[in-house]
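Everything below concerns the one structure shown next.
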Number of protein chains: 2
Amino acid sequence: MSAKHAKQQRPAPETARAKEPELDRRKTSILGTVVYEYIATGEPVGSATLTQKYNLGISPATVRSELASLDEEGYLEQPHTSAGRVPSDRGYRYYVDRLMLPETLTPEERERIRGEVRRATHQLDAVVDHASHVLSNLTRSIAFAITPRLGSQVFRHIELIHVGAHATHLVLVTNLGLAAQVTVETAHEANAEHLLRATHNLNARLEGKALSEITLDKLRAIARETPLPEELVTAVADLLAEHTGVEGERRLFAGGAHNLLDQQEFRDLRKLRAILDLLEEQQTLYALLHGSLNSAGPTVAIGHELPNADMSECSVVTVPYKVANKNAGAVGILGPRRMQYARLIALLDCMAESLNALFVGEPELE
Amino acid sequence: MSAKHAKQQRPAPETARAKEPELDRRKTSILGTVVYEYIATGEPVGSATLTQKYNLGISPATVRSELASLDEEGYLEQPHTSAGRVPSDRGYRYYVDRLMLPETLTPEERERIRGEVRRATHQLDAVVDHASHVLSNLTRSIAFAITPRLGSQVFRHIELIHVGAHATHLVLVTNLGLAAQVTVETAHEANAEHLLRATHNLNARLEGKALSEITLDKLRAIARETPLPEELVTAVADLLAEHTGVEGERRLFAGGAHNLLDQQEFRDLRKLRAILDLLEEQQTLYALLHGSLNSAGPTVAIGHELPNADMSECSVVTVPYKVANKNAGAVGILGPRRMQYARLIALLDCMAESLNALFVGEPELE
DNA sequence: ATTAGCACTCTCGTGCCTTGATTGCCAATC
DNA sequence: GATTGGCAATCAAGGCACGAGAGTGCTAAT
């Protein structure tokens with residue numbers, strides 16, 4: 001539902017240009033300055049501040065009339081009569097679509113992100129979790145991410161490890177270097193020799209297949225060739241299903257809620273609570289990230305453009321990342337509407353690229 | 001530092017009895033009622049409330065003089081002159097040590113906890129993380145837990161899996177069914193045949209050894225027998241070190257911070273922030289859990305008994321859990337001083353027992 | 001079209017007052 | 001002598017008025 005409103009940012013947002021009438025030069029400059037100043041200070045911006053801090057070349061009175069006009073057109077809002085102006089959703093949107101200068105990270109920042117991603121262990125969940133942590137620390141906002149749908153990964157290796165008479169440990173490795181594992185306790189005693197043969201057999205038969213292709217039936221067929229306890233067959237199937245089934249298809253990681261405490265817009269405990277509940281619930285964040293999978297670049301959703309009324313004072317930036325050159329997962333940042341859009345987009349872009357590099361596909365191609 | 005103050009709860013706290021003079025019957029009853037009522041309502045308790053809600057058989061005036069006396073002796077405090085009484089640290093301590101009735105969980109609750117623990121995957125980190133999540137949801141407080149020191153675990157199996165010309169996946173399984181894994185990228189091409197032989201060799205040589213016994217030197221010696229790339233040897237050593245070294249010896253999991261928002265004592269954002277920072281920092285929580293490893297049962301630390309001044313309005317209950325019948329890890333709960341001590345102790349006890357059952361030692365003995 | 005001047009509006013902080021809850025004390029009572 | 005009822009004293013919290021400050025919108029002059 002949010003995707004309808006949220007416009008893409010990167011590939012020259014034509015829709016936005018069509019919808020939003022272009023503002024004249026002076027209005028543009030004033031709107032931009034108000035947004036910039038408000039993002040920086042968090043205080044409503046008045047005509048005096050604008051003329052004093054920025055060299056606009058016009059008097060406060062003129063600024064006032066322009067502000068009134070921008071207010072009327074819906075780009076700005078007044079918290080109350082005797083306060084300065086604050087950007088509205090529309091004002092932020094105009095800023096994001098047309099005014100904002102893209103920011104570039106310093107080489108150190110880029111390297112920091114790349115390094116953090118690279119030094120993660122090769123477990124998919126851990127990588128994505130780590131990515132969201134890094135982003136949340138870097139941005140001092142809430143960061144969240146979803147893992148790729150796993151069914152598209154390619155089977156590389158399975159190992160049935162005999163770790164006790166009644167316990168077998170399963171390890172599944174895919175082309176992304178990701179591994180899943182589980183220990184299975186079997187009623188019947190497992191035979192180490194049989195396990196070895198079964199391992200061999202499974203690997204020979206399944207090599208190169210997409211995880212989603214491997215069904216319980218297929219496994220049964222293979223199991224029949226070696227005397228493998230039924231419990232193990234279903235365990236293997238479960239392990240696969242956990243990664244391809246509708247349920248566990250994707251995992252969502254979110255973190256950094258404590259950063260909200262620093263934001264003055266969340267001084268109100270009820271608002272804070274609403275957002276924290278949103279994090280617990282996961283559904284909404286999931287939908288936002290899922291929606292961004294269809295776009296090539298960053299997606300920005302501002303205030304009421306977001307699907308949830310509780311988020312009307314927030315903005316969300318999401319960026320998809322690729323596995324084997326196809327959009328597969330996404331990372332995002334949730335913060336107050338008054339966020340540093342350009343910087344967050346740059347950071348997310350960099351993170352997405354780092355993940356792309358990690359998930360380039362076949363490890364041996366690297 | 002906290003352990004000095006925190007007294008054990010279960011095994012008849014003699015020290016407490018020696019230190020704290022016994023209060024007369026009526027004072028005891030009043031103190032108990034005040035604590036009970038305050039825990040239930042969160043409002044300072046006055047003489048009127050006490051005589052109306054509880055059948056004390058004495059008039060408000062008499063209650064008042066007793067309250068004044070308990071106040072003087074340091075068991076109660078007054079937020080301000082015209083308010084009711086609130087338990088002090090000492091008051092809570094007396095309550096916890098001598099007044100509180102142990103609570104028993106319903107069979108459903110016990111089963112719920114046991115079930116949650118059992119259905120966890122057999123990865124140590126995941127189990128402990130899950131345990132802390134379950135506790136935090138059940139108690140609507142912050143729950144936290146540390147994993148066992150891993151060096152005491154016994155090597156059961158290692159597997160070097162060839163997942164690409166330049167990538168090898170290592171899986172380590174211990175007697176607890178726990179597994180750790182990592183993917184290693186090697187500069188030299190790994191030979192599948194060699195990996196197989198090395199796997200065999202390592203398993204034969206290391207079976208039954210404590211992880212802490214396995215040193216880099218020993219690994220090198222074994223590696224020399226089969227042509228194993230140096231990178232893999234160090235990777236194996238790193239994997240082991242990660243689990244036995246001082247650094248990664250234990251992991252701490254904490255969660256449920258959002259529950260604090262419901263507590264009226266954390267309406268103040270600064271206090272909230274102080275606690276959240278504590279969670280991030282981990283050090284303090286770690287120390288608390290580590291301290292509880294020496295005790296047999298639950299440990300309660302109240303207000304200023306805690307090591308950190310920021311926690312002076314909180315209490316912490318910790319309980320150790322066992323691996324192979326020896327205290328190895330611990331779980332704890334952090335909440336406002338006004339917590340349901342008896343219930344939390346019961347829940348933690350149950351959780352510890354469930355973990356004990358899971359970590360009973362050799363899986364094949366089950 | 002722009003600007004200076006000015007009256008107007010609204011928030012925020014301060015201080016004051018009232019209200020209500022609770023105590024501590026004292027004299028009367030069992 | 002412990003207990004009790006009565007009563008003045010105390011203090012937080014909420015409501016209200018008031019002034020300061022910030023910022024606007026309007027109007028008349030440039």
Side-chain angles (χ1 to χ4, degrees), chain A residues 23-31 33-38 40-88 91 264-265 267-269, chain B residues 23-31 33-35 37-38 40-88 91 264-265 267-269 313:
Chain A
L23 293 172
D24 70 45
R25 201 192 192 90
R26 196 166 70 185
K27 278 211 178 74
T28 297
S29 145
I30 289 182
L31 176 57
T33 314
V34 169
V35 175
Y36 180 86
E37 173 73 9
Y38 183 64
T41 66
E43 297 294 323
V45 185
S47 56
T49 317
L50 285 175
T51 49
Q52 276 161 33
K53 283 181 94 165
Y54 301 88
N55 214 349
L56 299 176
I58 45 179
S59 77
T62 313
V63 172
R64 274 204 288 282
S65 81
E66 293 287 37
L67 287 177
S69 161
L70 283 165
D71 194 328
E72 218 165 85
E73 293 166 63
Y75 294 99
L76 297 177
E77 283 167 0
Q78 260 183 311
H80 55 85
T81 328
S82 71
R85 297 308 207 290
V86 159
S88 65
Q264 61 198 67
E265 24 270 286
R267 286 223 198 100
D268 182 354
L269 279 188
Chain B
L23 293 171
D24 71 43
R25 201 194 193 88
R26 196 167 67 183
K27 279 210 178 73
T28 297
S29 144
I30 289 181
L31 175 57
T33 314
V34 170
V35 176
E37 173 73 8
Y38 184 65
T41 68
E43 298 293 323
V45 185
S47 56
T49 317
L50 284 174
T51 48
Q52 277 160 35
K53 282 180 97 165
Y54 302 89
N55 215 350
L56 299 177
I58 47 179
S59 79
T62 314
V63 173
R64 274 204 287 284
S65 82
E66 294 287 37
L67 287 178
S69 161
L70 283 166
D71 194 329
E72 220 165 86
E73 293 166 64
Y75 295 98
L76 296 177
E77 284 168 358
Q78 262 182 308
H80 54 85
T81 326
S82 71
R85 296 310 205 291
V86 159
S88 66
Q264 60 199 68
E265 23 272 285
R267 285 221 199 102
D268 183 352
L269 278 189
E313 298 194 6

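All figures in this text were calculated on a predicted structure; none of them were measured in a lab.
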Original post:
Hey, which of T28(B), V63(B), L50(B) is the one that makes side chain to side chain contact (heavy atoms under 4.5 Å, CB included) with T33(B)?
Top reply: L50(B)
Original post:
Within this structure, what is the NE2-to-P distance between H80(B) and dG20(C), rounded to whole angstrom?
Top reply: 16 Å
**OP:** Scan residues 57-70 of chain A against DNA chain D and write down, sorted by residue number, each residue with any heavy atom closer than 4.0 Å; if none is found, say none.
**Re:** R64(A), L67(A), A68(A)
Original post:
CD of Q52(B) versus P of dT22(C): gap in Å, rounded?
Top reply: 9 Å
Original post:
Taking all non-hydrogen atoms of both residues, which atom of Q78(A) and which atom of G84(A) are closest, and how far apart?
Top reply: CG-O, 3.7 Å
**OP:** Could you tell me whether E37(B) and K53(B) have a side-chain N and a carboxylate O separated by less than 4.0 Å?
**Re:** yes
Original post:
Rounded to the nearest Å, what distance is computed from the CD1 atom of residue I30(B) to the P atom of nucleotide dT23(C)?
Top reply: 11 Å
Original post:
Roughly, in whole Å, what's the span from CG in D24(B) to C1' in dT3(D)?
Top reply: 15 Å
Original post:
Where is the tightest heavy-atom contact between K27(A) and L70(A), given as atom of each residue plus distance?
Top reply: CD-CD2, 3.8 Å
Original post:
E37(A) CD to dG23(D) C1': how many Å, rounded?
Top reply: 15 Å
Original post:
When you check the phosphate oxygens OP1 and OP2 of dT10(D), does a side-chain N or O of S82(B) lie under 4.0 Å from one of them?
Top reply: no
**OP:** Let me know the distance between CG of D71(B) and P of dT23(C), rounded to the nearest Å.
**Re:** 10 Å
Subject >> Side-chain touch V35(B)/V45(B), heavy atoms, less than 4.5 angstrom >> reply: no
**OP:** Provide the closest heavy-atom pair for Q264(A) versus G42(A) in the form atom of the first, atom of the second, distance.
**Re:** NE2-O, 3.1 Å
Subject >> Between P of dG23(D) and OH of Y38(A), the distance in whole Å >> reply: 14 Å
Subject >> Residue-level proximity of residues 41-50 of chain B to DNA chain D when a heavy atom falls under 4.0 Å >> reply: none
**OP:** Indicate whether the side chain of E66(B) and that of T62(B) have a donor and an acceptor atom separated by less than 3.5 Å.
**Re:** no
**OP:** Let me know, please, whether T81(A) or T81(B) comes out on the 5' side of the other along DNA chain D by nearest nucleotide.
**Re:** T81(B)
Original post:
Side-chain contact, heavy-atom cut-off 4.5 Å: E43(A) with V86(A)?
Top reply: no
Original post:
For Q78(A) and dC10(C), what is the distance between atoms CD and P respectively, to the nearest whole Å?
Top reply: 10 Å
Original post:
What pair of heavy atoms forms the shortest contact from L76(A) to S88(A), and how long is it?
Top reply: N-OG, 3.9 Å
